[in-house]
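Residue numbering restarts at 1 for every chain, and letters A, B, ... go by the order of the sequence lines. Every value quoted in this text rests on a predicted model; they were computed, and no experiment measured them.
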2 protein chains.
Amino acid sequence: MTKTDPEALQLRHKPRTARELARLMGVSQSAVSRAFTPGSSISPELRQRILRAAEELDYQPNAIASMLSTRRSNIAGIVVSEMQNPFYPSLIEKLSRGLQRVGLQSLMFNITRGSNIEEQLLALRKYNVDAVVIISATVLSGASLRWATEGRAAVLVNRTIPDLSLTSVSCNNIEGARAIADHFYAIGRQRVAYVAGLPHTSTNLERQNAFVTRVAELGMRLSHCIAGGEYSYEAGYRSALEIARGEATDAVFFANDILAAGGMDALTEAAGLRVPEDIAVAGFDDVELTRWPHYSLTTFSQPVDAMVDKAVELILGQLANPELAPSHNPLSGELIVRRSTIGGNTERLPLEPANT
Amino acid sequence: MTKTDPEALQLRHKPRTARELARLMGVSQSAVSRAFTPGSSISPELRQRILRAAEELDYQPNAIASMLSTRRSNIAGIVVSEMQNPFYPSLIEKLSRGLQRVGLQSLMFNITRGSNIEEQLLALRKYNVDAVVIISATVLSGASLRWATEGRAAVLVNRTIPDLSLTSVSCNNIEGARAIADHFYAIGRQRVAYVAGLPHTSTNLERQNAFVTRVAELGMRLSHCIAGGEYSYEAGYRSALEIARGEATDAVFFANDILAAGGMDALTEAAGLRVPEDIAVAGFDDVELTRWPHYSLTTFSQPVDAMVDKAVELILGQLANPELAPSHNPLSGELIVRRSTIGGNTERLPLEPANT
DNA sequence: CGCTTGTTTGCATCCGTATGCAAAGATATG
DNA sequence: CATATCTTTGCATACGGATGCAAACAAGCG
């Protein structure tokens with residue numbers, strides 16, 4: 001037994017590989033590897049000795065080499081676009097933390113109009129990510145999605161693919177849109193409008209269909225159904241002006257909060273209407289600005305934490321069993337009623353605490 | 001010469017390694033490797049033949065293996081926090097695109113109160129990132145920064161370390177704060193206030209010092225200098241209320257736009273003041289909401305594109321020459337004057353186009 | 001034509017870790 | 001105490017691509 005004196009170790013240069021550390025300690029490289037591999041066959045004593053020496057000498061296993069050996073990268077690719085919508089940064093942050101908790105580092109892939117999508121998806125495969133989380137509502141066709149995710153765990157978050165070929169997690173948009181319609185009805189509105197976001201996205205389609213359907217069921221009149229075209233303040237602003245100029249309307253459901261913010265400003269400041277007295281406004285997502293006193297926006301809160309947990313769970317499931325059948329997983333959200341639909345004391349201007 | 005019939009290739013199973021592809025084509029594995037390595041010694045004909053076959057057969061070099069071989073990961077770690085400030089998502093997006101343009105994939109490391117910072121920094125080293133970009137204004141001490149970036153290219157963006165031990169790129173906060181002070185002076189304000197963001201951050205300190213100094217130089221009175229405590233809407237809101245209750249003030253410089261937004265809402269809606277007639281408001285960053293008609297906020301625009309370009313350039317420089325001395329690189333921004341300081345036609349409510 | 005110089009190509013080996021297998025050691029059983 | 005069983009350790013090799021070196025080949029020159 002070559003029990004090496006710790007003092008002596010200090011003197012030599014830092015070991016950069018398991019082999020070097022092993023030589024210094026008089027053990028085999030396998031032992032070092034096993035010390036760092038939970039559940040591998042090694043005695044607790046030796047493991048402790050190695051780990052302590054490793055810490056002492058500032059040695060860390062080379063993740064790249066270990067990826068090559070195990071053919072597991074422990075990396076999850078997060079495919080993102082529309083970072084300008086504040087809903088996403090917080091989702092991504094939570095997601096990346098959730099993935100980290102189960103040992104997956106997040107590699108971000110920004111898909112934008114400017115970037116070369118093909119190349120991005122190629123990178124996804126080149127880097128051998130074990131899992132892919134797709135948050136981008138847009139841009140990617142089902143076919144390229146399937147290609148990009150072929151042979152690895154994959155989850156769509158906040159979007160779905162109708163044919164159920166890929167697992168998805170989302171807020172229950174249908175429930176949400178119905179809740180908004182019900183709320184409009186409950187506060188006595190009769191002529192309601194919908195302002196759409198990005199066309200052809202599942203979020204938008206689900207919200208629109210559910211809302212329109214529910215509005216009809218409740219016997220309210222759908223005065224406008226406007227294609228905002230994108231989820232932006234400007235689109236909301238423009239759409240609201242259109243509504244203000246057109247058929248009388250006493251409540252508007254914007255497909256998300258950013259649209260609603262733009263819409264509200266247009267209605268109050270450009271069109272001179274009072275919210276909610278003349279016209280009620282609701283959004284979707286419950287991003288931070290909905291809590292700002294100026295907006296105090298009624299909205300449907302996406303269960304972000306639950307969505308993240310579910311997404312991580314689904315990924316772990318797929319990693320454990322690659323044959324797992326895809327599933328859609330809509331999660332319940334919550335209607336948050338604020339002054340933009342029910343009015344209230346504007347004097348006190350309660351400043352709601354953040355809930356991050 | 002074993003010129004293989006393309007048709008025949010089709011029949012076999014897809015090659016997953018260079019060796020397999022090589023065998024299929026009757027060339028050596030080295031040849032395949034060289035075909036994918038720009039500047040390596042291989043005839044144009046053979047390279048073409050191999051690349052075409054690779055495309056045909058959907059073969060791609062394994063990035064992990066190549067990292068191990070070359071000890072270059074072609075990955076840049078981006079250390080981030082405060083994603084809730086909309087300034088950062090857009091910066092990150094541009095940065096990640098800029099890095100991609102030079103062949104670096106971005107690996108995101110979220111540093112937040114909740115997450116285990118040590119572990120994150122460890123991961124930075126484990127994954128052998130070639131370069132580190134640190135955007136997080138907070139949390140990290142100079143010592144841990146140096147440890148995390150030891151032996152690799154590193155750039156701080158939007159923060160600096162006084163001792164010049166790490167290269168940094170930032171907006172020229174001093175120029176910006178002076179410009180705001182000059183502007184307040186130019187529009188005839190005399191009693192001005194400063195609302196700070198995160199204490200101890202270089203952004204905040206530079207802006208505060210420069211502003212306070214310039215205010216004195218111009219003979220204006222600094223009526224308040226409030227510690228907002230963080231860069232948030234709430235902090236701005238609270239600070240503004242304090243100002244409204246305290247010594248008379250006719251202009252406020254908030255350390256960033258989010259603070260300013262909260263402050264403006266507090267001043268107009270809670271304190272009943274008119275902006276800019278009673279009190280002018282300015283922010284810093286030029287995030288999207290400054291263009292919203294409701295805010296139309298005078299601000300100092302950070303040269304994000306230039307900062308990204310510079311950061312990428314500095315990283316390339318360090319990669320080419322690891323001995324490169326660290327440098328600070330403040331870049332000039334631009335004062336953007338809007339209604340929050342000069343007033344103007346509120347009727348037309350011009351909706352400025354986005355400039356992304 | 002013989003020799004030099006330059007270009008292509010393949011061979012062999014290395015990058016740093018993981019792991020199947022067998023040897024060695026420890027513990028239990030009869 | 002000998003043998004069977006289980007645990008711990010080391011050896012050897014694989015993961016997939018990069019690259020120094022030498023062989024093979026082509027071109028240039030006197």
Side-chain angles (χ1 to χ4, degrees), chain A residues 1-4 14-51 53-54 57-75 103 125-130, chain B residues 1-4 14-51 53-54 57-75 103 125-130:
Chain A
M1 185 52 110
T2 327
K3 194 152 192 174
T4 317
K14 289 187 179 181
R16 341 185 90 294
T17 72
R19 208 161 260 116
E20 286 177 22
L21 178 59
R23 191 160 16 241
L24 284 184
M25 301 188 59
V27 299
S28 74
Q29 178 264 321
S30 323
V32 175
S33 171
R34 291 195 176 103
F36 281 93
T37 309
S40 61
S41 158
I42 186 176
S43 67
E45 297 76 37
L46 183 54
R47 166 169 283 150
Q48 273 320 305
R49 200 155 71 83
I50 291 176
L51 290 182
L57 299 171
D58 204 21
Y59 161 80
Q60 295 179 255
N62 179 326
I64 304 295
S66 123
M67 286 182 210
L68 181 59
S69 228
T70 56
R71 267 153 300 176
R72 271 269 264 157
S73 64
N74 291 315
I75 290 183
R125 311 189 92 204
K126 274 204 323 199
Y127 281 99
N128 247 306
V129 303
D130 293 333
Chain B
M1 184 53 113
T2 327
K3 192 152 193 173
T4 317
K14 290 186 178 181
R16 341 187 85 288
T17 72
R19 217 157 249 121
E20 285 178 22
L21 177 59
R23 191 159 18 241
L24 284 183
M25 300 188 60
V27 299
S28 73
Q29 178 262 323
S30 323
V32 175
S33 171
R34 291 194 176 103
F36 281 94
T37 309
S40 60
S41 158
I42 186 176
S43 68
E45 298 76 38
L46 183 53
R47 165 170 281 154
Q48 273 319 305
R49 201 155 70 83
I50 291 177
L51 290 182
L57 299 172
D58 203 22
Y59 162 80
Q60 294 178 257
N62 179 325
I64 305 294
S66 121
M67 286 182 210
L68 182 58
S69 254
T70 57
R71 268 155 298 178
R72 268 270 263 155
S73 64
N74 290 315
I75 290 183
R125 312 189 91 203
K126 274 206 324 200
Y127 281 99
N128 246 304
V129 302
D130 293 333

Q: Report the residues that fulfil salt bridge (Lys or Arg N to Asp or Glu O under 4.0 Å) with A:Arg125, sequence neighbours left out, ordered by chain and then residue number.
A: A:Glu150, B:Asp58
Q | Minimum-distance pair of heavy atoms, taken over all atoms of A:Leu57 and A:Leu21 | A | CD1-CD1, 3.8 Å
Tabulate protein N/O versus nucleotide N/O from nucleotides 13-19 of chain C, keeping only pairs under 3.5 Å, one per line.
unit_1, atom_1, unit_2, atom_2, d
C:dC15, O2, B:Ser69, OG, 3.4
C:dT17, OP1, A:Tyr59, OH, 2.7
C:dT17, OP1, A:Asn62, N, 2.9
C:dT17, OP2, A:Ala18, N, 2.5
C:dT17, O2, A:Ser69, OG, 2.5
C:dA18, OP2, A:Ser33, OG, 2.6
C:dA18, O4', A:Ser69, OG, 2.8
C:dA18, N7, A:Gln29, NE2, 3.3
C:dA18, N6, A:Gln29, OE1, 3.0
C:dT19, O4, A:Ser30, OG, 3.2

Q) Which value, rounded to the nearest 0.5 Å, describes the distance between A:Leu68 atom CG and A:Ser73 atom OG? A) 12.0 Å
Are there any protein N/O atoms within less than 3.5 Å of an N/O atom in nucleotides 4-6 of chain D, and if so, which ones and at what distance?
none

Q | Partner residues of B:Asn128 under the side-chain hydrogen bond (donor to acceptor under 3.5 Å, both in side chains) criterion, sequence neighbours left out | A | none
Q.
Counting C-beta onward and ignoring hydrogens, is there a side-chain heavy-atom pair between A:Tyr127 and B:Met67 closer than 4.5 Å?
A. yes
Q) To the nearest Å, how far apart are B:Ile42 CD1 and D:dA18 P? A) 12 Å
Would you be so kind as to tabulate the donor-acceptor pairs closer than 3.5 Å made by side chains of residues 30-39 of chain A, with sequence neighbours excluded?
unit_1, atom_1, unit_2, atom_2, d
A:Thr37, OG1, A:Ser33, O, 2.8

Q.
Need the bend value for the helix from C:dC1-D:dG30 to C:dG30-D:dC1: angle between end axes, 5 pairs each end, nearest 10°.
A. 40°
Q. Which atoms form the tightest heavy-atom contact between A:Arg16 and A:Glu20, and what is the distance?
A. N-OE1, 3.0 Å
Q: Could you check how far CD1 of B:Ile50 sits from C1' of C:dG10, rounded to whole Å?
A: 12 Å
Q. With sugar-phosphate meaning primed atoms plus P, OP1 and OP2, does A:Leu46 contact a base, only sugar-phosphate, or nothing at under 4.0 Å between heavy atoms?
A. sugar-phosphate
Q. Hey, are the side chains of B:Ser40 and B:Arg47 touching, using non-hydrogen atoms and a 4.5 Å cut-off?
A. yes
(Q) Please report the interatomic distance CG(B:Asn62) to CZ(A:Arg71), rounded to the nearest 0.5 Å. (A) 10.0 Å
Q. Is the closest side-chain heavy-atom distance between A:Ile50 and A:Tyr59 below 4.5 Å?
A. no
Q. What integer distance in Å separates A:Tyr127:OH from D:dG16:P?
A. 18 Å
